[in-house]
Asker: 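Okay, handing you the structure first.
Keep in mind the model is a prediction, meaning the values are calculated, not measured.
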Amino acid sequence: MDLDWLKDFLALAEQKSFSRAAEVRNVTQPAFSRRIRALEDWIGVPLFLRSAQGATLTPAGAYFQPLAQDLLRSLQHLQRETRAVGERERGALSIAATHALSFTFFPSWIRRHMRFEALGTLNLISDSLEACEQIMLGGEVHFLLCHHHAQTPTRFEAERFPSIRVGNDVLVPFSAPDAEGRPLWPLPGTGERPARLLAYSQASGLGRILLAQMALAQDTALARDAAGMATVFTSHLAATLLTMARDGHGIAWLPLTLAEEDLARARLVRAGPERFDIPIEIRLFRSPDCRNDAADELWASLQAK
């Protein structure tokens, strides 16, 4: 069995659409469909019911889903631990980063701060904040790169896990434009026409920030107008919410660093005025348990700025 089949299965179970799941997995839809069929042939039973409305799990698929999640996590953990044993004495650097930052902020940021010729290996682990926290707490990586808001609880005690702000970002509500260039789903919504919210799942750090802002600041525009929003879709991937917003399915609060190209090309527009924006930090947390010369060099470089 190919490990990618498990990732494909979980993507389709979440997206419920072959086209969206193939986009998330960065493969063509025909190739994605063949891999799902190969997994079903390997198991011996259908895992999805296919219809014009999309794909839903069969009873066998629903049984297999949590097992596939556990198996994938175990295999990834085994890979990381085995790699760590082989690289412990070298100048390897391991960083866990949330999905949104892995392919927007991280590449240019690390080039500015590290001499790659001095590294044995640079290992980037991209996942949800919840998964990255588990990796960090397990002492499997040197650093965690994530979005952060001072009013949002974190699992890292400041005394054990020092951190440095390495950038700024802002969560902005975006919608696809209508024919006149106005937001297709404007904020605030109304009782007659609620704004369709594309929401983050509980595993998402950006979702935590949004929920915390609603809970801690009941008099803000965001909290006052929450009643005018109806959640229609949930994902832990900001990139998935961006695609859904771009396709006109609703409003998503997205990091500006992720959405700025779509904004510049008018594929997305602000869904509401700037009072709905949430300023956030990009912060690097350091592990107290995973240390080497490469990690020390990066930390010293950042502290000297």
Side-chain angles (χ1 to χ4, degrees), residues 1-69 71-72 99 128 173-186 189-204 207 228-254 258-259 262 265-269 271:
M1 186 188 71
D2 191 326
L3 186 60
D4 280 336
W5 295 354
L6 290 179
K7 298 177 182 178
D8 294 341
F9 167 81
L10 293 172
L12 183 55
E14 178 180 346
Q15 300 296 328
K16 300 180 176 61
S17 161
F18 275 85
S19 60
R20 290 201 300 269
E23 184 174 356
V24 169
R25 294 288 295 132
N26 197 31
V27 297
T28 64
Q29 186 172 335
F32 182 84
S33 298
R34 287 194 298 270
R35 286 170 16 180
I36 292 294
R37 182 66 69 186
L39 175 63
E40 291 177 319
D41 290 343
W42 183 80
I43 291 178
V45 294
L47 300 174
F48 293 96
L49 294 172
R50 295 154 172 84
S51 69
Q53 288 71 42
T56 57
L57 290 169
T58 64
Y63 173 80
F64 182 63
Q65 184 179 19
L67 301 177
Q69 290 170 332
L71 178 58
L72 186 59
H99 288 292
S128 67
F174 286 108
S175 165
D178 62 16
E180 284 75 40
R182 296 188 296 263
L184 189 62
W185 297 99
T190 65
E192 294 74 25
R193 191 175 188 266
R196 291 167 57 89
L197 178 62
L198 307 173
Y200 293 96
S201 68
Q202 294 180 349
S204 166
M229 293 187 287
T231 299
V232 297
F233 181 80
T234 301
S235 174
H236 70 273
L237 291 172
T240 300
L241 299 188
L242 182 148
T243 300
M244 293 289 287
R246 184 198 296 153
D247 290 346
H249 296 293
I251 294 167
W253 262 264
L254 300 169
L258 178 67
D262 286 277
R265 297 188 179 187
R267 294 183 298 209
L268 290 173
V269 295

Asker: Applying side chain to side chain contact (heavy atoms under 4.5 Å, CB included), name anything that partners P183, two or more places apart in sequence or on another chain.
Answerer: S175, P186, V269

Asker: Mind checking what makes side chain to side chain donor-acceptor pair (under 3.5 Å) contact with D4, not counting sequence neighbours?
Answerer: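 Residues passing side chain to side chain donor-acceptor pair (under 3.5 Å) with D4: R25.
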
Asker: Taking all heavy atoms of L57 and all of Q65, pick out the closest pair and write down the distance.
Answerer: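 Shortest heavy-atom contact: CD1-OE1, 3.4 Å.
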
Asker: A side-chain contact here means heavy atoms from C-beta on lying under 4.5 Å apart; do R35 and V27 qualify?
Answerer: yes

Asker: Would you say R50 and I36 make side-chain contact, with heavy atoms under 4.5 Å?
Answerer: yes

Asker: Using 0.5 Å steps for rounding, measure from the OG1 atom of T234 to the CE atom of M244.
Answerer: 10.0 Å

Asker: Check side chain to side chain contact (heavy atoms under 4.5 Å, CB included) between E23 and all other residues, then give those that pass, not counting sequence neighbours.
Answerer: T243, R246

Asker: Does the Q15 side chain pair with the main chain of T240, one donor and one acceptor, at a distance under 3.5 Å?
Answerer: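 Side chain of Q15 to backbone of T240, a donor-acceptor pair under 3.5 Å: no, none is there.
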
Asker: Please determine whether the number of non-hydrogen atoms from other residues, nucleotides or ligands lying under 6.0 Å from atom CD of Q202 exceeds 12.
Answerer: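 No - once you tally the heavy atoms of other residues, nucleotides and ligands closer than 6.0 Å, there are 12 at most.
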
Asker: Among residues at least two apart in sequence or on other chains, which ones pass side chain to side chain contact (heavy atoms under 4.5 Å, CB included) with A245?
Answerer: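 Once residues adjacent in sequence are excluded, the partners of A245 under the side chain to side chain contact (heavy atoms under 4.5 Å, CB included) criterion are L198, A252, L268.
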
Asker: W185 versus V232: any side-chain heavy-atom pair under 4.5 Å?
Answerer: no

Asker: Heavy-atom distance under 4.5 Å between the side chains of L241 and W253, does that happen here?
Answerer: no

Asker: If you compare all heavy atoms of I251 against all heavy atoms of A195, which two are closest, and at what distance to 0.1 Å?
Answerer: CD1-CB, 3.5 Å

Asker: Got a second to check how far R37's CZ is from L47's CG, nearest 0.5 Å?
Answerer: 10.0 Å

Asker: Determine the sole option in W42, F64, F32 for which the ring pair (Phe, Tyr, Trp, His ring centres under 6.0 Å) test with F9 is passed.
Answerer: F64

Asker: Could you tell me which non-hydrogen atom of P46 sits nearest to which non-hydrogen atom of T58, and how far apart they are?
Answerer: O-OG1, 2.9 Å

Asker: Is the backbone of A199 close enough, under 3.5 Å, to the side chain of T231 for a donor and an acceptor to pair up by distance?
Answerer: no

Asker: Does any non-hydrogen side-chain atom of L72 lie less than 4.5 Å from one of L10?
Answerer: yes

Asker: What distance separates L242 CG from L258 CG, expressed to the nearest 0.5 Å?
Answerer: 5.0 Å

Asker: Assess whether atom CG of D41 is packed by more than 12 heavy atoms of other residues, nucleotides or ligands within 6.0 Å.
Answerer: yes

Asker: Does S17 have any side chain to side chain donor-acceptor pair (under 3.5 Å) partners at least two apart in sequence or in another chain, and if so, which?
Answerer: S19

Asker: Do you know which two heavy atoms are closest between V45 and A60, and how far apart they sit?
Answerer: CG2-CB, 3.8 Å

Asker: List in chain and number order the residues that pass side chain to side chain contact (heavy atoms under 4.5 Å, CB included) with S128, two or more places apart in sequence or in another chain; answer none if no residue qualifies.
Answerer: E130, A131, A203, H236

